[in-house]
Amino acid sequence: NMRKKGKPNPDQRYFGLVVTISARAGDAFYPIASHISERLIVRASNPGQFENEANVHWVRGDSLNSIFHNGPVGINVESPEDALCVRGNIRLSGAVLQPSDMRLKTDIVPLKSEEQLENIKRLPIYRYRLTDSWAETCGRVGAEANECGVLAQEVAKVLPDAVRKSPNSTTMNDGSVVDEMLVVNKERIFMESVGAVRHLSDLAERLPQRAASLEEHNTRLFTAISRSASVAQLQTALAASGIQEVSEGGPQRRAHAETVIAT
């Protein structure tokens, strides 16, 4: 009740209690009946907190103990740009689940793992510290301001679809403004890393086969040389290729070397 020196205040604010019965069909609400009370005076230490707000619908959902809201939700964010925008840490005890059913997808094209490996090699990882203004705005002061990760400008050159511009300007707690702040889809980078690891795995699986092939090739080459060369030439070739180490390896290896020379 705003009064000045015991007299009514010309700036007195009045409120009205509105009761509305609405029908919900899908995502739309249709008012059936409404009633507004007479002017009310609400006693509050800060009447300004009762400013008119946009219509916000929070209703009980169809499932048990659920709440439904149609529209973006912001936590510490006044102008959310997505379904849920959070400025601060998120702590959860479960997993983040995303639909990935093949029946929900079209134009499915497999990616080349060798290209994904090259993309990952072009993305350097940095250790950095958030600016004081941004850390304070996000509530990440102290040690929480230290991070390691990528730079959005560099990611945009390699994976353009992993970077997006914020349509709204971002105002810091100190009043500074960042226009078109870049945000990164780290899920996209993670999937690129999976493809890169897959390519490295394929290369590792082929290493034993390649080593066996090279060993067989060397054996055939050694056999061909030993058959075409004289004993003296072979002894010289063996000595030049380290046969001394073989002869010093014991009677069995020395006998094997003599057998090869004799052959």
Side-chain angles (χ1 to χ4, degrees), residues 92 94-130 143 146-164 182-263:
L92 54 89
V96 178
L97 306 179
Q98 300 179 4
S100 188
D101 196 308
M102 184 175 62
R103 296 170 295 179
L104 307 177
K105 304 176 182 180
T106 184
D107 299 332
I108 301 175
V109 179
L111 298 178
K112 297 180 180 180
S113 59
E114 59 270 20
E115 294 181 359
Q116 293 179 299
L117 177 59
E118 291 300 320
N119 289 337
I120 292 300
K121 290 167 61 177
R122 294 169 55 192
L123 291 179
I125 306 297
Y126 301 96
R127 182 180 297 278
Y128 53 85
R129 180 177 177 81
L130 301 178
N146 297 319
E147 281 188 348
C148 62
V150 296
L151 304 180
Q153 285 78 359
E154 294 183 349
V155 176
K157 298 178 182 178
V158 182
L159 301 173
D161 56 333
V163 180
R164 191 177 67 178
L182 300 181
V183 294
V184 176
N185 182 1
K186 292 189 176 180
E187 178 72 15
R188 174 69 178 87
I189 300 177
F190 172 76
M191 297 309 300
E192 199 76 2
S193 302
V194 172
V197 171
R198 178 184 176 185
H199 185 67
L200 292 176
S201 177
D202 293 339
L203 293 177
E205 289 179 356
R206 291 197 293 266
L207 286 178
Q209 182 180 359
R210 180 172 176 81
S213 177
L214 291 174
E215 193 172 317
E216 182 181 357
H217 176 76
N218 290 337
T219 302
R220 290 179 179 177
L221 181 62
F222 182 81
T223 302
I225 294 175
S226 63
R227 288 179 178 178
S228 62
S230 62
V231 174
Q233 292 174 333
L234 182 59
Q235 289 177 340
T236 302
L238 291 176
S241 61
I243 192 62
Q244 184 67 26
E245 297 180 2
V246 175
S247 61
E248 294 176 356
Q252 294 181 350
R253 298 188 67 180
R254 185 160 51 250
H256 174 70
E258 292 173 354
T259 301
V260 172
I261 296 175
T263 305

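For the single chain, residues carry numbers from 1 onward in sequence order.
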From CZ (R198) to CG (L111), nearest 0.5 Å: 9.5 Å
Exercise: identify the closest heavy-atom pair between N146 and R129: OD1-NH1, 3.1 Å
Heavy-atom neighbours of R127 CZ exceed 12 at 6.0 Å: no
Working for side-chain contact (heavy atoms from CB on, under 4.5 Å), residues Q153 and L182: CA-CA 8 Å; Q153 285 78 359; L182 300 181; 3.6 Å; yes
Side-chain donor/acceptor of S213 to backbone N/O of Q209, under 3.5 Å: no
Min side-chain heavy-atom separation I108-M102 under 4.5 Å: yes
Nearest atoms (heavy-atom pairs only) where S113 meets G195: CB-O, 3.4 Å
Shortest non-hydrogen contact from A152 toward V163: O-CG2, 3.6 Å
Steps toward side-chain contact (heavy atoms from CB on, under 4.5 Å) verdict (L159, L123): CA-CA 9 Å; L159 301 173; L123 291 179; 4.2 Å; yes
Evaluation steps, side-chain contact (heavy atoms from CB on, under 4.5 Å), between K112 and Q116: CA-CA 6 Å; K112 297 180 180 180; Q116 293 179 299; over 6 Å; no
Side-chain touch E154/Y126, heavy atoms, less than 4.5 angstrom: yes
Over 12 foreign heavy atoms within 6.0 Å of CG, D101: yes
Side chains of R188 and E192 in contact at under 4.5 Å (non-hydrogen atoms): yes
Closest heavy-atom pair and its distance - A196, L117: CB-CA, 3.6 Å
Close side-chain approach of L130 to E147, heavy-atom, < 4.5 Å: yes
Atom pair CG/CG of L214 and L221 - distance to nearest 0.5 Å: 12.0 Å
